[in-house]
2 protein chains.
Amino acid sequence: MSNEEKDREDLPKCRVGGKDPSGSEARPRNWLVPVILLSLRDWNSYGYELMERSTRFGFDAMNPGTLYRTLRQMEKDGIVESSWETSRGGPARRMYSITDAGMTYLDFWAKSLEQYQRTMDTFFRMYTGQPLPSDENEENEKESGEGNSR
Amino acid sequence: MSNEEKDREDLPKCRVGGKDPSGSEARPRNWLVPVILLSLRDWNSYGYELMERSTRFGFDAMNPGTLYRTLRQMEKDGIVESSWETSRGGPARRMYSITDAGMTYLDFWAKSLEQYQRTMDTFFRMYTGQPLPSDENEENEKESGEGNSR
DNA sequence: GTATATAGGTGTAAACTGCACATAGATATG
DNA sequence: CATATCTATGTGCAGTTTACACCTATATAC
């Protein structure tokens, strides 16, 4: 048995977050939306192709149901547009393109993700043991002093 | 009217992701769990205090319901322990401490978040217009070539 | 004719979260 | 004493998101 497998078996089976934070847990809700918008900003595309492309953005095994449903919802919201492409062998494709509102929405997502990245940086600074740089020590240690330190 | 306010009104009211990705949207599900575990790793604490501390990790206005419920669930999962602290003026506090399983779980979350950070880096590299460095151009442009470029 | 790859989709249950609301001890104030 | 406030912990419910299973249809290969 490899070490990684052993680690996994020691991991508590937590109901919070399903089982473990790997895979789907450690990414924001609707992460699929900015990923799709970003893909469509460069090239128009369709569901089946977007499924493969999103694999590069943390979706190890994208499930079709969620993707197609998200695309239809995004069209209702006006951030993407679609039209059938039938001039081709094989099943018809619903080709999607991003709208102006979609571009605006993508920019907004980018700003939010930047903010979240900074928050995660704070998390990792604290995780690796360094004190918070923005924390000016306004008596916090004393207030929380009833706990033992490890 | 300020520019920021104007931007906000131009934003499409998207059903995907509630309204907009600001605030709660741009962070993973159960983000509260690693935040609590990290806080408890340094000092034992209780719900009311943890509520204030989590404000520093992207929760602008933490709602008590979610926090207390999460803490109870985490205890059921065995990643934290609690005991009543009554030797004090004021209402009793349920003091929490992290368990060994909780430490393991925190490490696991950290690994997942690191992974996700790398994914977000990929997102931002693509967003700002640079090509993916891991992308060795295996005919991808031609395969996706039916879309127009912007 | 039947298997396979491509392409798009629905139904449902579980999980997560925000919001409103409920409870209760201690202390301060008129 | 009445009651207001701060501290502290919770429950109920409804809305959103998502994973999983399942279904349909077209074209091509064998």
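In what follows, chains carry the letters A, B, and so on, assigned in the order in which the sequence lines appear, proteins first and then strands, with residues in each chain numbered from 1.
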Sequence-distant partners of [X], side chain to side chain contact (heavy atoms under 4.5 Å, CB included), two or more places apart:
X	answer
B:R72	B:E75, B:R94, B:Y96
B:P64	B:M51, B:Y68
A:D121	A:R125, B:Q117
B:R69	none

Interatomic distance, [X] [atom1] vs [N] [atom2] [rounded to whole Å]:
X	N	atom1	atom2	answer
B:N63	C:dC21	CG	C1'	13 Å
A:R29	D:dT17	CZ	P	9 Å
A:L32	D:dT18	CG	C1'	11 Å
A:Q73	D:dT16	CD	C1'	11 Å
B:E85	C:dA26	CD	P	13 Å
B:M62	D:dT7	CE	P	18 Å
A:R27	C:dC16	CZ	C1'	15 Å
B:L67	C:dC16	CG	C1'	15 Å

Classify the angle between the aromatic ring planes of B:Y116 and A:Y116 as parallel (below 30°), tilted (30 to 60°) or perpendicular (above 60°).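 It falls in the tilted class, 30° to 60°.
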Please identify each residue that fulfils side chain to side chain donor-acceptor pair (under 3.5 Å) with A:T55, with sequence neighbours left out. none
Side-chain N or O of B:N30 closer than 4.0 Å to phosphate OP1/OP2 of C:dT17: yes
Check the interface with nucleotides 5-14 of chain C: list each N/O to N/O pair with the protein under 3.5 Å, or write none.
unit_1 : atom_1 : unit_2 : atom_2 : d
C:dT6  : OP2    : A:Y48  : OH     : 3.4
C:dA7  : OP1    : A:R88  : NH2    : 3.2
C:dA7  : OP1    : A:R93  : NE     : 2.6
C:dA7  : OP1    : A:R93  : NH2    : 2.4
C:dA7  : OP2    : A:Y46  : OH     : 3.4
C:dA7  : O3'    : A:A92  : O      : 3.4
C:dG8  : OP1    : A:R94  : N      : 2.5
C:dG8  : OP2    : A:G47  : N      : 3.4
C:dG8  : OP2    : A:Y48  : N      : 2.8
C:dG8  : OP2    : A:Y68  : OH     : 3.3
C:dG9  : OP1    : A:R72  : NH1    : 2.5
C:dG9  : OP1    : A:R94  : NE     : 3.1
C:dG9  : OP1    : A:R94  : NH2    : 2.9
C:dG11 : N7     : A:R69  : NH1    : 3.2
C:dG11 : O6     : A:R69  : NH2    : 2.5

